[in-house]
There are 2 protein chains.
Amino acid sequence: MIETKDKILDAAERLFGERGYAETSLRHIIADAGVNLAAIHYHFGSKEDLLVQLVRRRAEPINAGRLAALDQAEAEAGPASVSVEKILEAFLLPAAEAAAKRPEMTRLMGRLHAEGCIPPGIKSYFTPMVERFIAAARRALPHLPEEELLWRLRASAGAMAFTMLEPHAPQGDYLARARQLVAFVSGGLRAPASVVEAKVEVTQ
Amino acid sequence: MIETKDKILDAAERLFGERGYAETSLRHIIADAGVNLAAIHYHFGSKEDLLVQLVRRRAEPINAGRLAALDQAEAEAGPASVSVEKILEAFLLPAAEAAAKRPEMTRLMGRLHAEGCIPPGIKSYFTPMVERFIAAARRALPHLPEEELLWRLRASAGAMAFTMLEPHAPQGDYLARARQLVAFVSGGLRAPASVVEAKVEVTQ
DNA sequence: GTCTATACTGAGATAGAC
DNA sequence: GTCTATCTCAGTATAGAC
């Protein structure tokens, strides 16, 4: 039956979102979906591949929306560089809209990002989109050395991931939270580069 | 033998730091330490309790240093509130000094923080120290609503955790990285609170 | 092509002999 | 204190029913 696959996807999406990936066993999923254990491996190959397909399905429209928003911002900016705030909005608002409909999925993706060890199948799916946003940030912050830029974006990702880990946004208003994130992260990205004086200070 | 316990601790600390907690099996640890499987449960009770004891041992001097630095900053500030930068330095510099000596441990703690699901034994150990820093931040940023303050501190923790996840600081200079973090996070914490206009914008 | 029953390997945990 | 044997449960693999 074709509905077996959907029943697995639905149950897995809910349980992964509620309990996390590692804490949800395949036997828990099949009990919830009312299917046989081997059906998962028949349809998805492995637990990890089940996760990858799940995330891709939900991330696809979000990432498409992100790239479209960045395209539009760049078109509006013309030859000038897009502002940090516009870049962050292009990245965050499509995700916030999706989060309003499906908070569990957002929470799971935040947790996956946070765990650091994202399955290759997910990472490779996000990479092209992320690369475009890194390039936009590089143009918006030309004074930052490359290493510092990449680190600051990584720190920004941490702020976003921890925000996504929260069970729910205040009053369920994910767009408000996204705008708060834009303010916080742009404040961090715009901070003056710290003077390299650490070693001097320490020996005092 | 008393050295059995130490052999387990040493092997576990190294392997957890290199491979992560979940990816390191007890059988891997005993092979490395040259002890019996049941010895771990005799000395520590469970894999999780082994982790808790490990982290506590390394975190104790760091947290003591953090509180001492905050005490000193508050003494110097007198009746005035301590600046955000001073608070962040008190929190980050003791950890950076420890990270210079033991990068793997720092990485493991970053990963544990990031995973969101910190064992209760670790969380309860950090809570009193964290509460003091939250109180200091509340005084330093009195204009922020409480909910917004807590969320911004959470986002700050995300930036720190992702920074700690990096295999190594640039040129192994953890103090320089800590100062960059102070600049980034204080920029985020100091950002003007976003106007609640999200709902208006969306309907456009 | 789909799905079920069953078995395999390795994980953490435990009881009891020494 | 230490070790052997064993238990339960995880993800995985496969043979075969329909």
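The sequence lines fix the lettering, A, B, ..., with proteins before strands; numbering per chain opens at 1.
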Notebook entry, point to check: L51(B) has an atom CG; how far is it from atom C1' of dA11(C), in whole Å?
Noted result: 17 Å
Check: How long is the line joining NZ of K7(A) and P of dT2(C), in whole Å?
Finding: 15 Å
Margin query: Regarding E147(A) and R177(B), does a basic nitrogen lie under 4.0 Å from an acidic carboxylate oxygen?
Written below: yes
Next item on the list: Send over the distance from N36(A) CG to dT6(C) C1', rounded to a whole Å.
Entry: 10 Å
Next item on the list: Nearest whole angstrom, please: distance from the C1' of dT12(D) to the CG of L26(A).
Entry: 9 Å
Next item on the list: Please state how far atom CD1 in I30(B) lies from atom C1' in dG10(C), giving the value in whole angstrom units.
Entry: 12 Å
Next item on the list: Could you check whether A39(B) gets within reach of a base, just the sugar-phosphate, or nothing at all, counting any heavy atom under 4.0 Å?
Entry: nothing
Checklist line | Value in whole Å for how far the P atom of dA11(C) lies from CG of L15(B) | finding: 13 Å
Margin query: Heavy atoms from C-beta onward define the side chain here; which of dT12(D), dG12(C), dC3(D) lies closest to that of K47(A)?
Written below: dT12(D)
Margin query: Can you measure F44(B) atom CZ to dT2(D) atom C1' for me and round it to whole angstrom units?
Written below: 15 Å
Check: Below 4.0 angstrom, N of the basic side chain to O of the carboxylate: do R58(A) and E13(A) qualify?
Finding: yes
Check: Taking the side chain of S46(A) as heavy atoms from C-beta outward, which of dA13(C), dA13(D), dT12(D) is closest to it?
Finding: dT12(D)
Check: The side chain of L37(B) lies closest to which of these nucleotides: dA13(C), dA5(C), dT12(D)?
Finding: dA13(C)
Check: Relative to Y42(B), does K5(B) satisfy both conditions: NZ or CZ under 6.0 angstrom from the six-membered ring centre, and within 45 degrees of the ring's axis?
Finding: no
Margin query: Which nucleotide wins on minimum distance to the side chain of T4(A), given the candidates dC3(C), dA11(C), dG1(D)?
Written below: dC3(C)
Checklist line | Value in whole Å for how far the C1' atom of dA10(D) lies from CD of E23(B) | finding: 15 Å
Item checked: Side-chain donor/acceptor contact of R27(B) with base of dG10(C) under 3.5 Å -> no
Check: Counting side-chain heavy atoms from CB outward, which of dG12(C), dT4(D), dG11(D) is closest to H41(A)?
Finding: dG11(D)
Checklist line | N/O (side chain, Y42(A)) to phosphate O (OP1/OP2, dC3(C)) under 4.0 Å | finding: no
Margin query: With a 4.0 Å cut-off on N to O distance, would you call E60(B) and R56(B) a salt bridge?
Written below: no
Notebook entry, point to check: The side chain of S25(B) lies closest to which of these nucleotides: dA10(D), dT2(C), dG12(C)?
Noted result: dG12(C)
Next item on the list: Tell me whether the guanidinium CZ or amine NZ of R152(B) lies under 6.0 angstrom from the six-membered ring centre of F184(A) and within 45° of its axis.
Entry: no
